[in-house]
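To start, the structure itself, in structure tokens.
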Amino acid sequence: MMSRFLIFGLLLTCSIAFASDPSPLQDFCVADPKSPVLVNGLVCKDPKLVQPDDFLFRGLHLMGNTSNNVGSNVTQVTVAQVPGLNTLGISMARIDFAPMGINPPHTHPRATEILTVIEGRILVGFVTSNPENRLITKVLEKGDVFVFPEGLIHFQKNMGHGYAVAIAGLSSQNPGVITIANAVFGSNPDIAGDILAKAFQVDVKVVDKIQSKF
């Protein structure tokens, strides 16, 4: 009986260990984007060539341009911006909101997100998986923190008439972003209109009109 529990415990531990980015096996593995070698992640630069700037990002205090259709801007700080994040399993982002602006429904396929409101009043929410599709929402005030579980569709909306700012931490060096509307209606090439019409239970002309906006 004890051996069964031991095996189960080991399997559970392994499943948790491999649920996010791999743990580093050395002090650092600064990404070398110029390497021709393809791996699941990025190849390490020669440690002797590593510089302090490989671990640095400047400008997160600067407001992003929110003059767009959704009224928000996301400034990412991932391994693409900071090569020193490679293998460390973490990244962050600044999210700026124009008055009543939104960060539209999206998912991070490789990361859980923890968000802190720095300024403003922000409505946040996520939807659980099928079949419940339960919507969980909360209005956050300055200093509040909220968590979006990995892979679930979530969103934010500025509820105020002034600008709002939030900082997000993510449990991957490269969390990825899938904006639902862009992916469904702005795919390249387009998903066939009859498929989307049946999926959304609307006329195909409605689908054509939405696709034309992406």
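Here the structure is a predicted model, which is why all the values come from computation and not from measurement.
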Exercise. Are Asn158 and Arg121 close enough, and set up right, to give a side-chain contact (heavy atoms from CB on, under 4.5 Å), and what steps lead you there?
Worked result: CA-CA 6 Å; Asn158 180 5; Arg121 189 166 179 261; 5.5 Å; no

For this session: Could you walk me through whether Phe97 and Gln156 pass side-chain contact (heavy atoms from CB on, under 4.5 Å), step by step?
Result: CA-CA 9 Å; Phe97 299 87; Gln156 299 103 29; 3.7 Å; yes

For this session: Show your working on side-chain contact (heavy atoms from CB on, under 4.5 Å) between Val147 and Glu113 and close with a plain yes or no.
Result: CA-CA 6 Å; Val147 174; Glu113 176 181 343; over 6 Å; no

Exercise. Can you check salt bridge (Lys or Arg N to Asp or Glu O under 4.0 Å) on Lys142 and Asp144, steps first, answer last?
Worked result: CA-CA 6 Å; Lys142 182 177 179 179; Asp144 288 348; over 6 Å; no

For this session: Check step by step if side-chain contact (heavy atoms from CB on, under 4.5 Å) holds for Val77 and Leu60.
Result: CA-CA 9 Å; Val77 186; Leu60 206 64; 3.8 Å; yes

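Note: Ile95 CD1 to Met92 CE = 10.5 Å, rounded to the nearest 0.5 Å. A distance of 9.5 Å separates CG in Leu115 from CZ in Phe146, rounded to the nearest 0.5 Å. Expressed to the nearest 0.5 Å, how far CZ of Arg110 lies from CG of Leu170 amounts to 11.0 Å. For the atom pair CE (Met100) and CG (Leu123), the distance works out to 9.5 Å, reported to the nearest 0.5 Å. Interatomic distance, CD1 of Ile90 versus OG of Ser171, reported as 8.5 Å (0.5 Å rounding). A distance of 5.0 Å separates OG1 of Thr112 from CD of Glu150, quoted to the nearest 0.5 Å.
Side-chain contact between Asn86 and Gln173 is present, with heavy atoms from C-beta onward closer than 4.5 Å. By the 4.5 Å heavy-atom criterion applied to side chains, Val30 and Phe55 are counted as neighbours. Two residues are said to be in side-chain contact when any heavy atoms from C-beta on lie closer than 4.5 Å; His106 and Ile153 fail this criterion. Here the side chains of Thr137 and Phe155 are in contact, with some heavy-atom distance below 4.5 Å. Taking 4.5 Å as the limit, every side-chain heavy atom of Gln76 sits out of range of all side-chain heavy atoms of Phe57. Ile102 places none of its side-chain heavy atoms less than 4.5 Å from the side chain of Ser72. When side chains are defined from C-beta on, Leu196 does not count as touching Val204, because their heavy atoms never get closer than 4.5 Å. Within the 4.5 Å cutoff, no side-chain heavy atoms of Val70 are placed close to those of Asn103.
For the side-chain contact (heavy atoms from CB on, under 4.5 Å) with Ser35, the qualifying choice from Val39, Asp32, Leu38 is Asp32, the only one to do so.
Val74 and Ile118 are not part of a single hydrophobic cluster, where members link through side-chain heavy atoms under 4.5 Å apart. Cluster membership check: Ile167 shares its hydrophobic cluster with Leu88, using side-chain heavy-atom separations under 4.5 Å among Ile, Leu, Val, Met, Phe, Trp and Tyr. Ile195 is connected to Phe214 through a chain of hydrophobic side-chain contacts under 4.5 Å among Ile, Leu, Val, Met, Phe, Trp and Tyr, so both are in one cluster. In the hydrophobic clustering of this structure, Phe148 groups with Leu152; members are Ile, Leu, Val, Met, Phe, Trp, Tyr whose side-chain heavy atoms approach within less than 4.5 Å, directly or through other members. Grouping the Ile, Leu, Val, Met, Phe, Trp and Tyr side chains by contacts below 4.5 angstrom, directly or via other members, places Val82 apart from Val50.
Taking all atoms of both residues into account, the shortest heavy-atom contact from His108 to Gly176 is ND1-O, 2.8 Å. Residues Ser91 and Pro175 come closest through the heavy atom pair OG-CD, 3.5 Å. A pairwise comparison of heavy atoms in Cys29 and Leu42 identifies SG-O, 4.4 Å as the closest pair. Residues Asn73 and Thr66 come closest through the heavy atom pair N-CG2, 4.0 Å.
Asn65 and Ser67 are linked by a side-chain donor-acceptor pair at a separation below 3.5 angstrom, with hydrogens and angles left out of the test. Using a 3.5 Å distance cut-off with no hydrogens or angles, the side chains of Asn130 and Asn133 do pair a donor with an acceptor.
By the 6.0 Å contact criterion, CG on Leu62 is enclosed, its count of non-hydrogen atoms from other residues, nucleotides or ligands being greater than 12. Atom CG of Leu135 has more than 12 heavy atoms from other residues, nucleotides or ligands within 6.0 Å.
When atom types are taken as modelled, the side chain of Asp96 and the backbone of Val165 share no donor-acceptor pair closer than 3.5 angstrom. A donor-acceptor distance shorter than 3.5 angstrom exists from the side chain of Ser187 to the backbone of Ile191, with no hydrogens or angles considered. Side chain of Asp194 to main chain of Lys198: no donor-acceptor pair is present (N/O by atom type, distance under 3.5 Å, no hydrogens or angles). Under a 3.5 Å cut-off, the side chain of Thr179 and the backbone N or O of Ala181 do not form any donor-acceptor pair. Using modelled atom types, no side-chain atom of Asp53 and backbone atom of Leu56 make a donor-acceptor pair closer than 3.5 Å. Remark: side-chain polar atoms of Arg94 are not paired, donor with acceptor, to backbone N or O of Thr75 under 3.5 angstrom.
Note: Phe200 and Phe185 meet the aromatic proximity criterion, with ring centroids under 6.0 Å apart. A ring-centre distance under 6.0 Å is not found for His154 and Phe126.
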